[in-house]
Amino acid sequence: MPVSEFRHFINGEWVSSERTFENRNPADNSLIGRVHEADKATVDAAVKAARAALQGPWSQLTVAQRTALLHKVADGIERRNDEFVAAEVADTGKPHHLAVHLDIPRGAANFKVFADLIKNVPAESFVMDTPDGGKAVNYAVRTPRGVIGVVCPWNLPLLLMTWKVGPALACGNTVIVKPSEETPATATLLAEVMNEAGIPPGVYNVVHGFGGDSAGEFLTSHPGVDGITFTGETGTGEVIMKAAANGIRPVSLELGGKNAGIVFADADLEKAVKGLGRAVFENSGQVCLGTERIYVQRPLFDRFVAAFKVHAQGIKVGDPNESGTTMGPVISLGHREKVLSYYRQAQKDGATVVHGGGVPDVPVHLAEGAWVEPTIWTGLPETSSVVQEEIFGPCCHIAPFDTEEEAVVLANNTPYGLASSVWTSDLQTAHRMGAALEVGICWINSWFLRDLRTAFGGSKQSGIGREGGVHSLEFYTELRNVCVRL
Ligand code: NAD
Ligand code: 6OD
């Protein structure tokens, strides 16, 4: 693969920096390219371009014109699907089929869904009696929030970035995207698509770099940014929230999780194993909604553990571009070290290693990659850091429970509150669990089934706010009430 150059995209043009850093493929540690690192002046130029476009060409389009352009962006992603897939696979190491079936189509859908939604949202209206016996009518008008800073993680780069950029642009905002330093490629490719689609310069800007004392901090602390939407670790969310306090700027935070899967004795075992198999191992366990704790009702426990082990044994770890591969590497050698430190901790804390627990054998051309084995443990105390902290790797701990009440206490015993996945054939159990689990999303007999019209977000330390459907519009617009004396 030729070595690429990832420049910033500001006001419709490619912009360079003197400082650059390497972007490496986690499957074999080969060099993909050099990424330009934005300094304060570069970020400032991006903010100025976004402000000018907000007040200029972007605001002059009708909603119909704006949303037609966003459909062209979606068409552009679909037309250049193979390039997006190749870029995402190289940056992340995810299996080719996952990028084909999940990441890239969702990138296109995020533009289509919100372009259509914005045309169909009713505005609230109230007729009132006035003190002098007359009437007045109130109606709400949605105005764009302004210049939006979009700070993104590396696990589902295009999917999560467009999940913010799609609604932000549909609502008439302009954006500056800061992709993760690990995954600069698809945000950069999207800039080409924006140009091809005829999106005016300055509407979509990209600045590359790291977080603290780099592009991320310069963007989130810039007074010209009117709102910040962030997906990433809870600790980073705290830092960004503090930065946003200067100037009272709103934030939308989608943060970490330590999600529980709960399997009742009446569950369909095969379906539960398959569903939770995805929830634990898909994308090498690097999905914020993924499951790292499984609680199984005692009568089913041994059979579940045995079947889950067989599932894990069937995972084909290997070259992301080879058909048949079901698991690639983790994102980087640094992240591998973090995941392996939890593998070691599990042993120290007395875990029974049901499967994995180390580094897999891989073909020689992948020897330098960030490989870890899919791993299953039992027997850990609930107090172990392995059970309490987000690992973000292809691993889980399985523990038994007796009663529904106990399962709820165990599942809720974490500072996080993002997602859960409950497996049962009893509808009443399902509804009670849906009400009792402290999460933003509770899946019943399923996992990561997404309807983009629904509210998405985390409770407790998993985030602030909801996006999705009209909830995205709440963040990306200001609601103004107009009161007309009749
Ligand atoms: P991260 O917080 O390390 O980085 C995310 C982004 O923030 C990167 O672009 C990074 O450069 C930037 N950043 C880091 N420090 C910053 C600072 N001080 N100021 C401004 N920007 C800064 O997260 P990550 O490792 O890229 O992603 C994995 C994490 O994301 C996991 O915790 C996962 O659960 C979480 N996540 C959550 C969701 C969700 O929807 N809740 C979705 C995906 C990932
Ligand atoms: O599906 C989505 O919209 C979404 N935000 C998924 C998040 C996945 C986390 O890794």
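Since the model is a prediction, treat every value here as computed from it, not as a measurement. We count ligands from 1, going down the list as the structure has it; atoms in each ligand are counted the same way.
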* L255, any N or O under 3.5 Å of ligand 1 N or O -> yes

* Asked: At a non-hydrogen distance cut-off of under 4.0 Å, which region of L156 contacts ligand 2 (side chain, backbone, both, or neither)?
  -> side chain

* Structure fact -> Heavy-atom proximity to atom 1 (O) of ligand 2 ranks first, among K164, R450, E254, for R450

* Structure fact -> Within the 4.0 Å heavy-atom cut-off, what T231 brings close to ligand 2 is neither

* May I ask you to check whether W14 and S16 show a side-chain donor-acceptor distance below 3.5 Å? => no

* Only one of V296, T424, I398 clears side-chain contact (heavy atoms from CB on, under 4.5 Å) with V263; which? -> V296

* Do E5 and H36 have side-chain N/O donor and acceptor atoms under 3.5 Å apart? -> yes

* Cationic N near anionic O, under 4.0 Å, K112 to D116 -> no

* Polar atom proximity, Q286 to ligand 2 (N or O, under 3.5 Å) -> no

* Over 12 foreign heavy atoms within 6.0 Å of NZ, K274 -> no

* Asked: When only distance counts, is V287 in polar contact with ligand 2, meaning an N/O pair under 3.5 Å?
  -> no

* May I ask you to identify the nearest protein heavy atom to atom 4 (C) of ligand 2, giving residue, atom name and distance to one decimal place in Å? => F456 CZ, 3.5 Å

